[in-house]
Number of protein chains: 2
Amino acid sequence: MKVRDVAEAAGCSIGSVYNEFGDFDGLILTVNRETVQALTARLKAVPSDDPLRQLHGLADAYLGFATEHANLLRSLFEHRMEDDRPFPEDILAMVMDAFALMHAPLLRLLPDRDPDDVALLSRMMFSAVHGIISLGLEERMVAVPPEQLRERLAQFVDTHLAGLGVTRGA
Amino acid sequence: MKVRDVAEAAGCSIGSVYNEFGDFDGLILTVNRETVQALTARLKAVPSDDPLRQLHGLADAYLGFATEHANLLRSLFEHRMEDDRPFPEDILAMVMDAFALMHAPLLRLLPDRDPDDVALLSRMMFSAVHGIISLGLEERMVAVPPEQLRERLAQFVDTHLAGLGVTRGA
DNA sequence: GATTCTTCTTGAACAATGTTCATTTTCGAG
DNA sequence: CTCGAAAATGAACATTGTTCAAGAAGAATC
């Protein structure tokens, strides 16, 4: 993304882009804000009747979003601020909220665990899913072949749940 | 990293940097090559007597390396080539080899599984560990608090192994 | 040692891109 | 219509990757 391209696409001058977004970081962050909102909307649309199906649905929805908007997700997770400026709190909170969406179904599947522990488990599980997907979708690093990604991701979720003591179909 | 800084640090001219590395990509890739070699060396130094300890050791070694060289790892995984040039095969192979180091111990723990399946399981497990660590070490995204990362990573490995049918101490 | 050819080194100049700001345009208030 | 505030503009600047003609250094030959 280039400031001049944005200006041309918007049909305005370079200066106007700066009036609107402040600087390049502001431009990127505006995009990232929309990205995390779109991601969250998609994750929240996953049916929540059955917690097990929901967990699979969340992983699958994340995979779908990552497949369709690989570059947007990269911008969200890889962008560094200029001059070590702090990363905006609101985006941080939004990402954390998205990652916490695994909390509710996990809580239902693990009613006897310490809820704080489940909260961390859910973020960790989402981080793991994120890692598998982001490396799997890099064409260059065939950690997990993309065509198997969907199936393997489901397998991973099942395996991890089994390790947590959740018996399938319970 | 800037070409001019490298030239000054090396005590030579800008042009000499280009003679040596070709272009900026070449410079980055040289660094990335050393990074993956250092990472591999560290992972290979993990004792392999006990497969369970080895898996924990590999995860822990990766965490240690990521903690000490966060920016090097980011360069390795996040760098994009200019003009959509292909990513060098040799680095790709080296990263895949590093990721495959979980294969041997997993194979010992899962002797009855299809070896091809275990190969994929090991890469998936490493991808998951990578995701947990890389998001956990971003100060901005406290998916898993850094001070708990070591302990939680061990817990994750145990949980996943349990899900795969490995009973602790067997 | 002098000459010539090859190779390496240099850094000024160029290109691309984020950024600034004096100037101009726009537009509402009086 | 006039004036002043606000917004828009784009030329000019700063940074940084890149090129390449010119020069320096070295090797080979006589």
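Numbers restart at 1 for each chain; the letters A, B, ... are given by sequence-line order, proteins then strands. Every heavy atom of this structure was used, including side-chain atoms; hydrogens, water molecules and symmetry mates were not.
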Worksheet item: Can you find a pair of side-chain heavy atoms, one from P88(A) and one from R33(A), that are under 4.5 Å apart?
Response: yes

Worksheet item: So what does D23(A) touch, heavy atoms closer than 4.0 Å: a base, only the sugar-phosphate, or nothing?
Response: sugar-phosphate

Practice prompt. Find the distance D5(B):CG to dT16(D):C1' and express it as a whole number of Å.
Written response: 10 Å

Worksheet entry | Over 12 foreign heavy atoms within 6.0 Å of CZ, R42(A) | yes

Worksheet, complete the sentence: Testing dT19(D), dT10(C), dT9(D) for proximity to the side chain of C12(B), the answer is dT10(C)

Worksheet item: Any idea which of dT19(C), dA8(D), dT10(C) is nearest the R4(A) side chain?
Response: dT19(C)

Fill in: Closest-nucleotide 5' rank along DNA chain D - winner of I14(A) and F24(B)
I14(A)

Discussion item. Just N and O in the side chain of S16(B): are any of them under 4.0 Å from OP1 or OP2 of dT10(C)?
Written reply: yes

Worksheet entry | Nearest-nucleotide 5' precedence on DNA chain C, K2(A) against G15(B) | G15(B)

Fill in: Between P of dA12(C) and OH of Y18(B), the distance in whole Å
16 Å

Worksheet item: Below 6.0 angstrom between ring centroids: does that apply to H79(A) and F87(A)?
Response: no

Practice prompt. Would you mind telling me which of dT19(D), dG11(C), dG18(C) lies closest to the side-chain atoms of S13(B)?
Written response: dG11(C)

Worksheet item: Can you check the E20(B) CD to dG17(D) C1' distance for me, whole Å?
Response: 18 Å

Worksheet item: Given the rule in the salt bridge (Lys or Arg N to Asp or Glu O under 4.0 Å) test, do R152(B) and D117(A) qualify, once you have shown the distances and angles that lead to the verdict?
Response: CA-CA 10 Å; R152(B) 293 293 176 169; D117(A) 208 55; 2.9 Å; yes

Response to the item:
note: E82(A), atom CD; dT17(C), atom P; distance rounded to Å ~ 15 Å

Fill in: Distance, rounded to the nearest Å, where R85(B) contributes CZ and dG17(D) contributes P
14 Å

Worksheet item: Taking CZ from F21(B) and C1' from dT18(D), how many angstroms apart are they, rounded to a whole number?
Response: 16 Å

Worksheet item: I28(A) has an atom CD1; how far is it from atom P of dG18(C), in whole Å?
Response: 9 Å

Worksheet item: For the side chain of R80(B) and the backbone of E78(B), is there at least one donor-acceptor N/O pair under 3.5 Å apart?
Response: yes

